[in-house]
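Counting starts at 1 for both ligands and their atoms, following the listed order. For the single chain, residues carry numbers from 1 onward in sequence order.
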Amino acid sequence: MSCKVVLAQNISAQYRDELKNTIKARGIRPKLVGFLANDDPAAGKYAEWTAKTCAETGVEFELRKCSRNDLEDKIVEANEDTNVHGIMVYYPVFGDRQDQYLQNVVSVAKDVEGLHHKYVYNMYHNIRFLDDAHAKKCILPCTPLGIVKVMEYVGVYNPILPYGNRLHGRVVCVINRSEIVGRPLAALLANDGAKVYSVDINGIQEFHRGVGLQLKRHEVSETTLKVEDVLPLSDVVITGVPTPNYKVDSSKIKDGAVCINFSTFKNFDGEEIKKKASIYVPAVGKVTVAMLERNLVRLYDYQTQGTSTTA
Ligand SMILES: NC(=O)C1=CN([C@@H]2O[C@H](COP(=O)(O)OP(=O)(O)OC[C@H]3O[C@@H](n4cnc5c(N)ncnc54)[C@H](O)[C@@H]3O)[C@@H](O)[C@H]2O)C=CC1
Ligand SMILES: Nc1nc(=O)c2c([nH]1)NC[C@@H]1CN(c3ccc(C(=O)N[C@@H](CCC(=O)O)C(=O)O)cc3)C=[N+]21
C-alpha cells in the first residue's frame, strides 16, 4: 500500500497564511455575515468552523440567526449596510425554489458563495471576469473552487499547460450533481479541459470541451454508462453522496487514481481505498472555508477600490 493521504488542513494552510498576512499588512477588517435560518446540524457545524477560521485570519464574522420568514428582509438590510462586505446564507432554508430566489436577493457585490445568477451564468459559460479590462474576477462557489485547489495541490492540474487548459487529458468522475456542488464542479473541471463523468442517482452525463479542446466552454451529453463502467476509466474520483451507507466500490477504481471525498459521510472505505488510490483526500471542508474568506477579501477590494490584487 503506497497511498498518500492528504489532509485539507495542509492544503488550506498556504491560503490561510496568505489571507492572514494580507489582512494584517493592509490593516483591513473585512466583515462576513452568515445567516442561519434552519436547524440543520451540518449548517450549524459549518458556521462554527467558519467562525473559528475567521477569528484566526482576522476576518470579522457575525452569525445572525433568524426565522426563515424574516430572512429576506434581513438579507436586504445587510445588502444596504456598508459595514458588511460579504453575506452567506446557510442552505437549505425552504428546501425548494424559494432558496433559489433567496440566492438572488443577496447583492452580487456581497455574494461570497458565488450563488447569484450572474456568477452561476458566467461560470457555466466560462466567462471568468466581470469587466472588459479583466480587473475583476468572477466569484466561484466555495466548495467547487476548493476542490479545484485540492486538485492543483495534489498535481492533477498540469502547470506546464496554459491556464484554462490544465486538465486536458484527465478523466474525472464526480458522484453528486447537486446545483450547489456537483454540477458546478463538473462544469468547472470540464471548462479547464477535463472529460468529466457526472454521476447522480438517475444516471451519468459527460461534460467535455471536445477532442483537442476545440470548444471554448464545455458541452454536456447524456450517456447510458453506469458507475462501474466509468470508475475504471477515471484518473480522479470525487464523491459527495449525503448518506452514511453509500460506499464507492474500490475494486472498480483505477489503480493509482486520486480519490477525493467532500460529503460529510465517508463515501470511500478508508482501508480498501488505500490499497488502490495513489492519493486520498478524505475531506475538503477546511479548503472550502479558506475559499470563502478569499472570496470575501476579493469582494472587499471591489467595494473599496474597484479591483483586487488577490491572486
Ligand atoms: N465539505 C464541504 O465544503 C461541503 C460539503 N457538503 C456535503 O456534501 C454532501 C452533498 O451535499 P449536496 O450536494 O448539497 O447534497 P444534495 O442532496 O443536494 O445532492 C446529493 C447528490 O448526490 C447524488 N446521489 C445520492 N445518492 C446517490 C447514489 N447512490 N449514487 C449516485 N449519486 C447519488 C444525488 O443524485 C445528488 O446529485 C453533504 O454531505 C454535504 O454536507 C456540502 C457543501 C459543502
Ligand atoms: N450556503 C451553504 N453553503 C455551504 O457550503 C453549506 C451550506 N450552505 N449548508 C450546510 C452545508 C454543509 N457544509 C459543510 C462545510 C464544511 C464541512 C467541513 O468543514 N467538514 C470538515 C470536517 C472536519 C471536522 O469534523 O472538523 C472537513 O471536511 O474537513 C462540512 C460541511 C457546507 N454547507
Suppose we measure from atom 10 (C) of ligand 1 to each protein heavy atom; which comes out shortest, and what is that distance? Gly240 O, 3.3 Å
Starting from atom 27 (C) of ligand 2, locate the nearest protein heavy atom and write down its residue, its atom name and how far away it is, to 0.1 Å. Gly285 N, 3.4 Å
Closest non-hydrogen protein atom to atom 25 (C) of ligand 1, residue and atom name please, with distance? Val241 CG1, 3.8 Å
What are the atoms of ligand 2, with element, lying closer than 4.0 Å to any heavy atom of Tyr91? 1 (N), 2 (C), 7 (C), 8 (N), 9 (N), 10 (C)
Report the member of Val181, Val174, Ile147, Thr243 with the shortest heavy-atom distance to atom 43 (C) of ligand 1. Val181
Verdict with supporting geometry, Val6 and Ile11, side-chain contact (heavy atoms from CB on, under 4.5 Å): CA-CA 8 Å; Val6 182; Ile11 305 170; 3.8 Å; yes
Side chain, backbone, both or neither: which applies to Asn176 and ligand 1 if a contact is any heavy-atom pair less than 4.0 Å apart? both
Going by the 4.0 angstrom heavy-atom rule, the piece of Thr288 near ligand 1 is side chain
So which protein heavy atom does atom 30 (N) of ligand 1 come closest to, and at what separation? Tyr246 CE1, 3.7 Å
Derivation of the side-chain contact (heavy atoms from CB on, under 4.5 Å) call for Val297 and Glu293: CA-CA 6 Å; Val297 172; Glu293 292 185 74; 5.7 Å; no
With a 4.0 Å cut-off on N to O distance, would you call Glu60 and Arg29 a salt bridge? yes
Protein heavy atom under 4.0 Å of atom 11 (C) of ligand 2: no
What I want to know is whether Ile180 and ligand 1 share at least one N or O pair that is separated by under 3.5 angstrom. no
Heavy-atom proximity to atom 21 (C) of ligand 2 ranks first, among Tyr46, Trp49, Tyr90, Phe262, for Trp49
With a 4.0 Å cut-off on N to O distance, would you call Lys74 and Asp81 a salt bridge? no
Would you call the rings of Phe268 and Tyr280 parallel, tilted or perpendicular, where under 30° means parallel and over 60° means perpendicular? perpendicular
Does ligand 1 have an atom that lies less than 4.0 angstrom from a heavy atom of Ala42? no
Please determine if Val89 has a nitrogen or oxygen closer than 3.5 Å to a nitrogen or oxygen of ligand 2. yes
Got the closest protein heavy atom to atom 44 (C) of ligand 1, with its distance? Thr143 OG1, 3.0 Å
Atom 7 (C) of ligand 1: closest protein heavy atom, distance to 0.1 Å, is Phe262 O, 3.6 Å
Out of Asn267, Asn245, Thr264, Ile201, who gets a non-hydrogen atom closest to atom 39 (O) of ligand 1? Thr264
What are the atoms of ligand 2, with element, lying closer than 4.0 Å to any heavy atom of Thr264? 30 (C), 31 (C)
So, taking the atom named CG in Asn165 and the one named CZ in Arg209, what distance separates them when rounded to the nearest 0.5 Å? 5.0 Å
Write out the residue and atom name of the closest protein heavy atom to atom 15 (O) of ligand 1, then the distance separating them to 0.1 Å. Pro242 CG, 4.0 Å
Which atoms of ligand 2 are found less than 4.0 Å from any heavy atom of Val284? 28 (O)
Go through it in stages, so that I can follow the logic: the residues are Asn245 and Thr243, the test is side chain to side chain donor-acceptor pair (under 3.5 Å), and I'd like the CA-CA distance, side-chain angles, deciding distance and then a yes or no. CA-CA 6 Å; Asn245 296 326; Thr243 50; over 6 Å; no
As an exercise, state the distance from OH of Tyr91 to CG of Leu102, rounded to the nearest 0.5 Å. 5.0 Å
Distance to 0.1 Å, residue and atom name: give those for the protein heavy atom nearest to atom 16 (P) of ligand 1. Ser178 CB, 4.0 Å
Compute the shortest N/O to N/O distance between Arg177 and ligand 1 and return yes if it is under 3.5 Å, no if not. yes
Please work out whether the ring planes of His116 and Tyr119 are parallel, tilted or perpendicular, with thresholds of 30° and 60°. perpendicular
Check each atom of ligand 1 against the heavy atoms of Ile175 and keep those under 4.0 Å away; list them by number with element. 31 (C), 32 (N)
Please work out which of the three classes, parallel, tilted or perpendicular, describes the rings of Tyr46 and Tyr90, given edges at 30° and 60°. perpendicular
Please identify which atoms of ligand 1 are closer than 4.0 Å to at least one heavy atom of Asp200. 31 (C), 32 (N), 35 (O), 37 (O)
Side chain to side chain donor-acceptor pair (under 3.5 Å) evaluation trace for Ser263 with Asn261: CA-CA 6 Å; Ser263 171; Asn261 173 60; 4.6 Å; no
Given that the side chain starts at C-beta and the backbone is N, CA, C, O, which of these parts of Glu113 lies under 4.0 Å from ligand 2, counting heavy atoms, or is it both or neither? side chain
Please round to the nearest 0.5 Å and tell me the distance separating atom CG of Asp192 and atom OH of Tyr163. 7.0 Å
Between atom CZ of Arg298 and atom SG of Cys138, what is the distance when rounded to the nearest 0.5 Å? 10.0 Å
Going from CG on Asn295 to CD on Glu113, what distance comes out if it is rounded to the nearest 0.5 angstrom? 9.0 Å
Using side-chain heavy atoms (C-beta onward) and a distance below 4.5 Å, is Asn126 in contact with Lys216? no
Should Ala283 be counted as touching ligand 2, given the test is an N or O pair under 3.5 Å? no
Under a heavy-atom criterion of less than 4.0 Å, does Ala8 contact ligand 2? no
For ligand 1, which atoms sit closer than 4.0 Å to a heavy atom of Val284? 1 (N)
So which bit of Tyr46 gets within less than 4.0 Å of ligand 1, heavy atoms only: side chain, backbone, both or neither? neither
Pairwise distance CG(Asp269) to OG(Ser251) - rounded to 0.5 angstrom: 11.5 Å
